[in-house]
Asks: 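Here it is: the structure, laid out below.
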Amino acid sequence: MTARAFIEFRDVSKTYDGRMLAVAGLSCSVERGEFLTFLGPSGSGKTTALMMLAGFEQPSAGDIRLNGRSLENVPPHRRNMGVVFQNYALFPHMSVAENVAFALRVRHVAAATVRERVHQALALVRLEGYEDRRPSQLSGGQQQRVALARALVFGPDLILMDEPLGALDKQLREQLQVEIKQIQRHLGVTVVYVTHDQSEALTLSDRIALFADGSIQQIGTPEELYEAPASAFVAQFIGQNNRIDGVVDRVEGEHCVIRLPDGAAVRAKRQEIAASAGTRVCAWVRPEHLQLGATTLANSLDCRVQEVVYQGDHLRVRLALPFGAELVAKCSRSQSACLPRGASATVAFAAENCMAFDENAGEAR
């Protein structure tokens, strides 16, 4: 017998005006203890889906279930979910301890238990000694830790996070990503997390649901979305990628040979494209899979060096193909001396690292 999912979206849709769907037929599940991220561009429906799960918005159609129970008539305060927002939503007139204790006091928890739980929650987010400070006396990162402690203090079934690190600088954001994941693993709590930052999603998630146009384009582990994108939209949204347009010259089993505008050919893996010659396709290959000067790989293209950018542990090399398309390669620093701007070069990549999609698959589906 298959175990029941902890959270289920069953064909859930949401419209605000009766015409446009902010969320369209959403169906997915979340396992207990899982860290699932709703990822997507602005307006893709990810936050609306989270707000319906929290109870702040009601579905126009479909059902959301928690541990097998429909949430249709359950108000937000009875769903036993902790929520963390981007703007922290702390009470400015309350101390740190009072903010964290608020969720317990409205539940009429005994004073001694409140003190113990507040101490434990602040220790978990490394804010011991800050109990008496006001939010205005804290940094942005510290305020977000308080918000996280407040969401955790009452032992919720589920933590919902809506762009919680969006207002922080890059270094602090990366630090808190690590801390959030450590806390989630330590407690074993289920997390549904919303972000538009694909790097953040790759770092934190057990699985990622990539949204566009109100629906999930692909759901899977970070590795699955990065290494085996289901569409060109996923390929271009997750991580850096290079697009090469052409026409299928011939099909060879799971691969196809693509003829480029200048007559050169590229061998690629077929991904949801018609198995016939003449199909217009787009091929995708990631910067780290491009090798300059290699001659033993299936694909080799002449190019010209446009720009070399030093990025610490690697070089970012921008290359121009003869027919005008550009590629970006990620190279080791040792190659810097032999890559002057304007120099002719050869870029090579394996067929297994090049994925071909139908030309129209670049749009979200």
Side-chain angles (χ1 to χ4, degrees), residues 6 30 32-37 50 53-54 76-195 197 199-206:
F6 184 49
V30 187
R32 186 181 291 274
E34 184 177 24
F35 197 121
L36 177 69
T37 295
L50 190 82
L53 178 55
H77 67 277
R78 297 191 60 189
R79 297 191 179 195
N80 200 38
M81 300 177 184
V83 184
V84 182
F85 298 102
Q86 179 177 341
N87 63 357
Y88 319 134
L90 302 177
F91 298 112
H93 63 288
M94 292 184 181
S95 68
V96 166
E98 289 169 337
N99 266 282
V100 176
F102 182 80
L104 298 174
R105 297 197 187 283
V106 298
R107 289 168 169 80
H108 306 292
V109 176
T113 303
V114 169
R115 287 192 296 271
E116 180 182 359
R117 290 192 182 180
V118 168
H119 174 75
Q120 291 172 345
L122 290 176
L124 194 62
V125 298
R126 302 194 303 176
L127 283 180
E128 306 99 315
Y130 289 79
E131 290 83 354
D132 297 328
R133 296 195 188 186
R134 296 290 175 90
S136 61
Q137 298 172 311
L138 303 176
S139 68
Q142 290 168 337
Q143 290 183 59
Q144 196 57 281
R145 285 189 174 93
V146 175
L148 180 57
R150 184 179 59 185
L152 292 167
V153 71
F154 61 94
D157 295 324
L158 174 66
I159 298 291
L160 307 180
M161 297 188 178
D162 185 20
E163 302 273 8
L165 309 181
L168 306 178
D169 63 65
K170 182 178 183 294
Q171 185 173 0
L172 183 56
R173 194 163 63 242
E174 292 175 350
Q175 178 184 338
L176 284 180
Q177 286 171 15
V178 173
E179 293 182 16
I180 288 171
K181 188 60 179 177
Q182 289 175 339
I183 291 170
Q184 187 262 338
R185 285 176 174 167
H186 173 72
L187 297 177
V189 67
T190 308
V191 173
V192 178
Y193 191 100
V194 165
T195 183
D197 186 329
S199 176
E200 189 167 280
L202 292 172
T203 299
L204 287 168
S205 312
D206 295 319

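Any value given below was found using the heavy atoms of this structure, including those in side chains, with hydrogens, waters and symmetry copies removed.
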Asks: Quick check: closest heavy atoms across Val153 and Val118, and the distance to 0.1 Å?
Replies: CG2-N, 4.0 Å
Asks: If you take all heavy atoms of Pro135 and Met94, which pair is closest and at what distance?
Replies: CD-O, 3.2 Å
Asks: Would you check if the side chain of Asp206 reaches a backbone N or O of Leu36 as a donor-acceptor pair within less than 3.5 Å?
Replies: no
Asks: Might you confirm whether atom CD of Glu128 has over 12 heavy atoms from other residues, nucleotides or ligands at distances under 6.0 Å?
Replies: yes
Asks: Taking all non-hydrogen atoms of both residues, which atom of Gln143 and which atom of Leu138 are closest, and how far apart?
Replies: NE2-O, 3.3 Å
Asks: Please check this pair: side chain of Gln120 against backbone of Arg115, looking for a donor-acceptor N/O pair closer than 3.5 Å.
Replies: no
Asks: Where the side chain of Glu174 meets the backbone of Asp169, is there a donor-acceptor pair that is under 3.5 Å apart?
Replies: no
Asks: Would you find a donor on one side and an acceptor on the other, under 3.5 Å apart, between the side chain of Arg32 and the backbone of Thr190?
Replies: no
Asks: With no hydrogens and no angle check, is any side-chain donor or acceptor of Arg145 less than 3.5 Å from a backbone partner on Leu176?
Replies: no
Asks: Where do Val106 and Ala103 come nearest, in terms of heavy atoms and distance?
Replies: CG2-O, 3.3 Å
Asks: Is it the case that over 12 heavy atoms from other parts of the model lie below 6.0 angstrom from the CZ atom of Arg107?
Replies: yes
Asks: Search all heavy atoms of Gln184 against all heavy atoms of Val191 and return the closest pair with its distance.
Replies: CG-CG2, 3.6 Å
Asks: Hey, does the side chain of Gln144 reach the backbone of Pro164 with a donor-acceptor pair shorter than 3.5 angstrom?
Replies: yes
